[in-house]
Each structure stands twice: as structure tokens, then as C-alpha cells.
Peer 1: 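This is the structure, below, for whatever I ask next.
If you're wondering where the values come from, they're calculated on a predicted model, not measured in any experiment. Heads up: numbering here begins at 1 and tracks the sequence.
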Amino acid sequence: MAVSAKPAPEGGSAGPGSSWAPLALPVFRALWIAQFVSNVGTWMQTVGAQWLLLGHGATLVTLVQTASSLPVVLLALPSGVLADRFDRRRLLVVAQLAMCAVATALAVLAFAGALSPGPLLALTFLLGCGTALMGPAWQAIQPELVPRGELAEASALGAVNMNLARAIGPAVGGVLVSAAGAGWTFAFNAVSFLGIVVVLLLWKRPPARPVPAAEREGFLTALYAARRYVRNAPGVRRVLLRTALFIPGAAAVWSLLPLVAGDALGLGSGGYGLLLAAVGVGAVSGAFLLPRMRRVLGANGTLAAGAAVFAVVLVVLATVHVTWIVVLALLPAGLAWIGALSTLSAATQTRLPGWVRARGLAVYLLVFQGGQALAAPLWGALAQWLGLTAALLIAAALLLLAAASVPLWPLYDASRIDPTPSDHWPTPPLVHEPGPADGPVLVSVVYRVASADRAAFTAAMADVARSRRRTGALTWGLYEDGNEPGRFMENYLIASWAEHLAQHHTRLTETDRRFEAASRALLLPGTEPEVTHALDVSATARDTVA
């Protein structure tokens with residue numbers, strides 16, 4: 001039976017505004033359950049892999065996290081381009097099947113006793129490649145599964161999913177490693193990918209608007225468009241900054257916890273699983289508190305509190321060697337982790353329009369996973385060089401600095417951002433229709449403004465400038481006629497006619513429309529902007545001269 005995207009009828013336990021409201025939607029619920037099983041398998045495998053390497057030194061143990069996260073640094077942007085250009089569901093199915101094959105290879109080698117550190121890290125890296133391939137597509141389909149107003153709750157439930165799996169997977173993985181060996185954790189992980197494949201194939205996804213051939217982007221063009229968009233989206237850039245300030249210090253918990261369990265507390269694999277389970281339990285219980293936290297603290301307060309709590313937990317890990325105290329300290333770490341991650345993820349998703357959503361989320365995942373991948377070996381090296389206690393205290397200091405920086409660099413108010421598509425530009429009335437590759441295209445717009453409104457108009461056009469650059473402008477300028485004060489000329493250059501058509505029909509949002517309306521409200525009464533389009537003929541002229 002196919003899984004319908006139609007929302008479930010009201011009346012369930014998850015009421016409006018509830019943390020659990022997205023679970024009332026059948027597709028989201030089915031994918032959430034399948035993802036949970038897969039996440040349990042991933043954490044079971046992580047325990048098996050780290051425990052196999054525990055006798056090879058701290059650096060190799062932390063390299064398991066690096067091998068899992070580094071592919072995102074290398075492949076996040078290409079994966080985002082693929083997710084924006086091709087069917088996201090098919091991309092997810094291919095990624096899941098590929099990861100199933102790699103996990104099966106790990107299991108076969110482990111059962112054969114041939115899984116040395118080199119092949120283990122190499123195959124873990126390939127699994128990370130699968131995660132990198134599916135990450136942007138998975139994040140980008142979330143707005144298709146839940147209403148925009150429930151994206152924060154959906155992000156929190158995604159974090160609950162991961163942390164609930166963290167509470168169960170390591171514990172089960174530790175027991176399984178002790179009782180039967182690491183091979184069985186790899187085998188379970190291989191099977192766990194198939195549930196997501198089944199749900200995705202049964203999902204009756206509404207057909208997407210086909211992109212006309214004239215508006216399709218090339219691969220390199222799409223990569224550049226993502227870079228250009230993020231560079232000119234202050235709200236997205238601020239989310240990335242807050243992520244970059246939080247993740248490196250927080251990554252010390254995941255990187256050094258095996259050493260805390262084995263070296264500082266003298267625990268076995270089951271004890272390590274218990275510590276991870278404490279973080280997971282804290283995160284799951286924190287899901288009940290998140291709506292209240294967001295109401296009381298707001299998004300920025302939640303980020304500051306999360307960093308501060310993580311810092312305190314790291315101090316406890318560094319200075320206390322009593323198992324039950326460490327377990328209790330890790331409970332608020334789970335709450336802080338889910339609070340920070342759900343806030344950052346929802347902030348990214350609500351600020352990105354559909355045409356560049358997967359690529360923008362790929363940049364977020366690049367910062368998030370890249371921060372973990374680069375920080376993990378650093379914490380391992382510091383633990384070997386300065387000692388475990390010093391490494392944990394340095395990470396705590398970084399997180400305290402991150403918390404203190406929130407008032408200086410807060411997340412911007414999301415109420416100004418509406419990524420809903422807006423097809424408010426009329427089709428260019430040209431006598432000759434250029435080809436998709438023709439260009440560059442120079443767009444000129446003439447405005448007439450009263451002398452008293454000149455300063456207000458130029459200030460309003462700063463928002464318009466960012467809008468033009470986000471949606472395709474290579475260059476932008478605003479000029480005032482020297483012979484006619486108040487007559488302004490806006491000029492911006494687009495790489496090709498195809499990109500300009502994409503501006504017209506798919507890239508503009510309600511935010512862009514609002515910025516344009518604010519500037520045009522300052523025009524002289526009875527006047528309208530005068531728009532012209534000109535195509536570059538300098539290449540033809542050069543050829544003629546030659």
C-alpha cells in the first residue's frame with residue numbers, strides 16, 4: 001500500500017504547537033520510524049568500529065568520526081546540486097542501497113577476521129560518502145512533508161530520532177560486541193537501510209513542476225549559484241557562523257567519550273554504550289522542554305544556553321571520574337545538543353527558497369559535519385599530547401566563548417524572510433527571443449524619485465541589490481543621472497538568458513517582492529520603472545574585427 005502525503009485528521013495526541021505534531025502526518029511518521037531503525041544501526045556500527053580500534057591509540061579512535069564526517073566536506077555541495085537538479089526521492093533510494101552494500105562488505109570482512117584498521121576506516125569513509133549524498137536531499141524534502149510552521153518541530157524530532165537511537169544503539173551495540181563480536185553490528189546496520197528504501201518507494205510524492213530546458217542549470221553553474229546565494233543571504237550566513245562557533249567544541253564530547261569511558265572511568269564497551277545512552281535519554285526528554293525553552297529563551301537564548309551547558313558538561317568529564325556523576329552530567333548534554341541543532345537546522349530550512357534549498361542545506365551540512373570532521377582528530381591529538389583532561393577543558397573554553405558571542409552575532413529575525421516563490425515579474429517583451437546560452441544579459445531599470453526621497457530610495461535599494469545577486473546577478477550598480485537628479489538607473493548583469501528566465505519564473509520569492517515594493521513605493525506618483533534587456537555582442541564584434 002502506498003503511503004499518502006495527506007495529513008492525518010485532527011484529534012490525535014499531537015495538537016497544534018505540540019512537539020510531536022509532525023508525527024500525525026503519515027509520510028513523515030513512516031520515514032521517522034524507518035530512519036530511527038537506520039540510526040540505531042549506525043550507532044551500533046559506530047560502537048563496533050570504535051571498540052575495534054580502541055587498542056590502536058586515541059587518534060585512530062577519533063578517526064572513525066572523521067571518516068564518517070569528512071565526505072560531507074568533500075561532497076556536500078556536489079550532492080546539493082544533484083538534489084536540486086534530479087528527483088530527490090530517487091537520489092535517496094540510490095544512496096541507501098549503496099550504504100547497504102558497503103555495510104554488508106564490513107560485516108563480511110569482520111566475520112572473516114580480516115577487518116584491520118585500514119579497511120575499516122576506508123569502508124567507514126564510503127559510508128560517509130553515502131551520508132553526504134543523501135544529506136541535502138533528506139533535509140530538502142522536509143518542507144514537502146510538514147507545513148512550514150512545523151519545521152522547527154520536525155527538526156527537533158529529527159534530533160530526537162538521532163538521540164533516541166544514540167540511547168539505544170550504543171547500548172545494544174556494546175552488548176552485541178561483547179557477546180558475539182563487531183560483525184553483527186555491521187550486519188544489522190546493512191539491513192537497517194532497507195526500511196527507508198521501502199517507505200520512499202511507497203511515498204506518493206506530488207509531481208514537481210518540470211523545469212523548462214531553457215532554465216536548466218549546468219553543474220558548475222549550479223555550484224556557483226549556490227555560492228552566490230549564500231554569500232548574499234545575511235540570514236543564512238549568520239546561521240552558518242553560529243554553527244561554526246558551536247560545533248568544534250561540542251564535537252569533543254563525541255570524539256573523546258570513548259577515551260573517557262575506557263581510560264578515565266575504566267569501563268568496557270557496555271559502559272561506553274551507557275554513557276552514549278545517557279546523552280540520548282537527555283535529548284529525548286529535552287524534546288518535551290524545547291517548545292517552552294523557545295518561548296522563554298528564543299532562538300538565540302537557546303543557542304547560548306546550549307553552548308554554556310555543553311561547556312559545563314565538558315568540565316565535569318574532565319574533572320570527575322565517578323561513573324554515576326558522569327552519567328548524570330551527560331543528561332543535560334543531550335538537551336543542549338538537541339536544542340542547538342534543532343534551532344540551527346530549522347533556521348536554515350526556513351530561510352531557503354525551494355530552487356536552492358538542497359544546495360543551501362548542503363553548505364550548512366558542510367559547516368556542521370566539516371566542523372566535526374576537522375575537530376575530531378584535533379581533540380584526539382590534544383588528548384595524546386596534553387592529556388585527556390586538558391583537551392576537555394580547552395573544548396569547554398571554546399564553548400563558553402561561543403555562548404558569550406551570541407549577543408554580538410545573533411540569528412537575524414526570521415519574520416523578514418519569506419521564501420515562498422513569487423512569479424511577479426512579467427515575461428520580457430522582446431522582439432527576438434534569445435537562446436538559453438546567449439548572454440551575458442544586461443538588465444537596466446530606470447526609476448524617477450522625488451528629491452526628498454532620494455536617501456530613502458538608495459537605502460531601500462540595498463535590499464534589492466542583495467535580491468538581484470542572490471537570484472543571479474554577477475554585477476550590480478545603482479547610478480544617478482548627472483543631468484537629471486532623481487533619475488536613477490539600476491544595471492545588473494546576468495550570465496545567460498537561461499539564468500534570467502530562471503530569475504523570472506523560479507528564483508524570486510515573497511521577500512524579493514517585498515523589497516522591490518518598498519523601493520517602488522518611493523517613486524514619483526504616476527511613474528513606473530522602465531526596464532530594458534540588452535545582450536552582449538562584444539564577442540561578435542571582436543570576431544568581425546579579427
Peer 1: Let me confirm one number: the CG-CG distance from Leu317 to Leu388, rounded to the nearest 0.5 Å.
Peer 2: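 With rounding to 0.5 Å, CG (Leu317) is 8.5 Å from CG (Leu388).
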
Peer 1: Aromatic rings Trp337 and Trp254: how do their planes relate, parallel, tilted or perpendicular, breaks at 30° and 60°?
Peer 2: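 Correct class here is perpendicular.
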
Peer 1: Would you be so kind as to tabulate the donor-acceptor pairs closer than 3.5 Å made by side chains of residues 119-133, with sequence neighbours excluded?
Peer 2:
from, atom 1, to, atom 2, distance (Å)
Thr124, OG1, Leu120, O, 2.7
Thr131, OG1, Leu127, O, 3.2

Peer 1: Should Leu241 and Arg237 be marked as a side-chain contact (heavy atoms from CB on, under 4.5 Å) after you check the CA-CA gap, both sets of side-chain angles, and the distance that decides it?
Peer 2: CA-CA 6 Å; Leu241 174 63; Arg237 290 205 317 271; over 6 Å; no

Peer 1: Output the distance between atom CH2 (Trp409) and atom CG (Asn300), rounded to the nearest 0.5 Å.
Peer 2: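 Rounded to the nearest 0.5 Å, the CH2-CG separation comes out at 13.5 Å.
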
Peer 1: May I have all residue pairs that pass side chain to side chain donor-acceptor pair (under 3.5 Å) and include part of residues 241-252, sequence neighbours excluded?
Peer 2: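 Of all non-adjacent pairs touching residues 241-252, those that pass side chain to side chain donor-acceptor pair (under 3.5 Å) are Arg242-Ser405.
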
Peer 1: Quick one: CG on Leu74 to OG on Ser79, what's the gap to the nearest 0.5 Å?
Peer 2: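 It is 10.0 Å, given to the nearest 0.5 Å.
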
Peer 1: Short question: side chain of Trp379, backbone of Ser255 - any donor-acceptor pair under 3.5 Å?
Peer 2: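 Here the side-chain-to-backbone pair does not exist.
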
Peer 1: Considering residues at least two apart in sequence or located in another chain, which fulfil the side chain to side chain donor-acceptor pair (under 3.5 Å) criterion with Arg357?
Peer 2: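 Partners of Arg357 under the side chain to side chain donor-acceptor pair (under 3.5 Å) test: none.
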
Peer 1: Heavy atoms, side chains only, cut-off 4.5 Å: are Trp355 and Tyr229 in contact?
Peer 2: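 A side-chain contact exists here, since the closest heavy-atom pair is under 4.5 Å.
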
Peer 1: Mind checking whether Ile417 and Thr350 have side chains closer than 4.5 Å, heavy atoms only?
Peer 2: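 Ile417 vs Thr350: side chains apart.
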
Peer 1: Closer than 3.5 angstrom, by distance alone: can the side chain of Arg507 be matched with the main-chain N or O of Thr471 as a donor-acceptor pair?
Peer 2: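 Yes: the side chain of Arg507 pairs with the backbone of Thr471.
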
Peer 1: Output yes when a side-chain donor or acceptor of Arg351 lies under 3.5 Å from a complementary backbone atom of Ala347, and no otherwise.
Peer 2: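 Looks like yes, one N/O pair under 3.5 Å.
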
Peer 1: Taking Ser192 for its side chain and Asn189 for its backbone only, find out whether a donor-acceptor pair lies under 3.5 Å.
Peer 2: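 Judged by distance alone, yes, a pair lies under 3.5 Å.
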
Peer 1: Using modelled atom types and a 3.5 Å cut-off, is there a donor and acceptor pairing between side-chain atoms of Ser345 and backbone atoms of Leu341?
Peer 2: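 A pair under 3.5 Å: no.
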
Peer 1: If you take all heavy atoms of Ala299 and Leu411, which pair is closest and at what distance?
Peer 2: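 Minimum heavy-atom contact is CB-CD1, 4.1 Å.
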
Peer 1: Please tabulate, one pair per line, all N/O donor-acceptor pairs under 3.5 Å involving side-chain atoms of residues 103-111, not counting sequence neighbours.
Peer 2:
from, atom 1, to, atom 2, distance (Å)
Thr104, OG1, Cys100, O, 2.8

Peer 1: Go through the structure and list residues passing side chain to side chain donor-acceptor pair (under 3.5 Å) with Thr42, not counting sequence neighbours.
Peer 2: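 Residues passing side chain to side chain donor-acceptor pair (under 3.5 Å) with Thr42: none at all.
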
Peer 1: Looking at CG of Leu398 and CZ of Phe246, how far apart are the two atoms once the value is rounded to the nearest 0.5 Å?
Peer 2: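 So the CG of Leu398 and the CZ of Phe246 are separated by 12.0 Å.
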
Peer 1: What's the separation between atom CD1 in Ile394 and atom CG in Leu378, rounded to the nearest 0.5 Å?
Peer 2: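 Here the interatomic distance stands at 8.5 Å.
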
Peer 1: Are Asn39 and Asn161 close enough that some pair of their side-chain heavy atoms sits under 4.5 Å apart?
Peer 2: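 Side chain of Asn39 against side chain of Asn161, heavy atoms only: contact under 4.5 Å found.
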
Peer 1: Does anything in residues 88-100 pair up under salt bridge (charged side-chain N to carboxylate O under 4.0 Å, His left out), and if so which pairs, sequence neighbours excluded?
Peer 2: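 Sorted result for residues 88-100: Asp84-Arg88, Arg88-Glu144.
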
Peer 1: Where do Arg470 and Asn232 come nearest, in terms of heavy atoms and distance?
Peer 2: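 Scanning both residues completely, I find the closest heavy atoms to be NH1-O, 2.9 Å.
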
Peer 1: Roughly how far, to the nearest 0.5 Å, is CZ of Arg359 from CG of Leu366?
Peer 2: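 With rounding to 0.5 Å, CG (Leu366) is 15.0 Å from CZ (Arg359).
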
